[in-house]
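See below for the structure under consideration.
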2 protein chains.
Amino acid sequence: MARPPKENSPITEHLAYLLAQANREINRQLEVRLSKEGVPVEQWRILKVLSDGDGHSMGELAEAVLLNHPTLTKMIDRMVSDTLVYRAQDPRDRRKVLMFISNRGESLCRRLDSLAASQEEHVLESYGDKATNELKRLLENLIDSSN
Amino acid sequence: MARPPKENSPITEHLAYLLAQANREINRQLEVRLSKEGVPVEQWRILKVLSDGDGHSMGELAEAVLLNHPTLTKMIDRMVSDTLVYRAQDPRDRRKVLMFISNRGESLCRRLDSLAASQEEHVLESYGDKATNELKRLLENLIDSSN
DNA sequence: CTTCAATTGTTGAATATTCAATATTTTCAA
DNA sequence: TTGAAAATATTGAATATTCAACAATTGAAG
């Protein structure tokens, strides 16, 4: 007796699953490093975005750091308490709030950058230079093609 | 006056960020499809893993579907209420609970599979066959190299 | 101008996740 | 065989996230 004609593909072959798995693993590695400074990955992202010194609105930030608005608001509240960032009203559009990084935030960000760099180096070593760059390229294209 | 010697790489160039971004986008697309059946992505994963008909322990399941134990326990509680899956004690090791998929779960899983398939097709169309397969291959290698 | 819809950010309640503690069973050394 | 340590799953409290409602400001049509 023949098997059913078309076996359904296991979850491990789905792109969505592979992305989730890879993301979790890399994120976990990064968390371990950043925990040396007691900072969650999302806060590092926020500091990085604000590092350009320009003011960024909450909406802009939320999009850039992959958080939705209310979650970002509450995380920013904590970071303001820690004096890592500060708020200012946008003079051109008073609905908006502009976020800026503080000196303390900048200095923390530099320390975080070197922790993150050590993580990237670890990937380069175990996964290879060529594969890493190729993967980055493909991910960028995937993201572009989704907009 | 010269610029500072080494510009720090923006967040958008970090592998961890690209993975998070791609994962969020693909996951979002998948959520939209699965919401037709009112099912979160994690439940689809659970049903897929249990589709082999074998019993899977909670620990095994948690690892496979990328959830930690307590979260999985609570999600399984809901799925048991919905009679999509059921528990049985492992006769060989009575600490363990074996999870099985029900008939209702199987039939839901088939409907979900076709929703998920339409999502993968959408990716193939906008991103291309070759790039998709290459990306999958690289992701698998990255995951392997992290263990 | 004035009014109404759209945009932006925050808040509070509802929901979900996580951490630490617990209960049960197994393993293994003495 | 017994007792201590490890493995497994669940629970409840603490924490975080999300959804829906709100307040403030701007834009734009009449």
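Chain naming here is simple, since letters A, B, ... match the order of the sequence lines and numbering starts at 1 in each.
Heavy-atom minimum distance, A:Trp44 versus A:Val39: N-CG1, 4.0 Å.
A:Lys136 places no side-chain N or O within 3.5 Å of a backbone atom of B:His14 that could act as its donor or acceptor partner. At least one donor-acceptor pair closer than 3.5 Å links the side chain of B:Ser57 to the backbone N or O of B:Glu60. Under the 3.5 Å distance criterion, the side-chain polar atoms of A:Arg45 are matched with a main-chain donor or acceptor of A:Val65. For A:Arg33 (side chain) and A:Leu115 (main-chain N/O), no donor-acceptor pair under 3.5 Å exists by modelled atom type. Checking side-chain atoms of A:Glu106 against main-chain N and O of A:Ile101 turns up no donor-acceptor pair under 3.5 Å. Side-chain atoms of A:Ser102 come within 3.5 Å of backbone N or O of A:Leu84 as a donor-acceptor pair.
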(message) I need a per-nucleotide contact map over nucleotides 22-29 of chain C, read 5' to 3'. Cutoff is protein heavy atoms under 4.0 Å; write B for the base, S for backbone only, - otherwise.
(response) --BBS---

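B:Leu66 has its CG atom 13 Å from the P atom of C:dT17, to the nearest Å. Computed from coordinates, the B:Leu98 CG to D:dT10 P distance equals 11 Å when rounded to whole Å. In this structure, B:Asn27 atom CG and D:dT18 atom P are separated by 12 Å, rounded to whole Å. In this entry the distance linking NE2 of A:His69 with C1' of D:dA20 reads 15 Å, nearest Å.
Side-chain atoms of B:Asn68 and B:Thr71 form a donor-acceptor pair, as typed in the model, at a separation below 3.5 Å.
The neighbour count for B:Asp52 CG, taken as heavy atoms of other residues, nucleotides or ligands under 6.0 Å away, is above 12. Counted within 6.0 Å of CG on A:Asp144, heavy atoms from surrounding residues, nucleotides or ligands total more than 12; the atom is thus considered enclosed.
Near-neighbour residues of DNA chain C inside residues 31-63 of chain A, defined by a heavy atom below 4.0 Å, number-ordered: A:Ser57, A:Met58, A:Gly59. A heavy atom lying under 4.0 Å from DNA chain C marks the following residues of residues 72-88 of chain A, by number: A:Thr73, A:Lys74, A:Arg87.
Each of A:Arg111, A:Arg110, A:Arg104 was evaluated against A:Ser107; a single residue qualifies, A:Arg111, per the side chain to side chain donor-acceptor pair (under 3.5 Å) test.
Picking from C:dG9, D:dA9, C:dT18 the nucleotide with the shortest atom distance to the side chain of B:Lys96 gives D:dA9.
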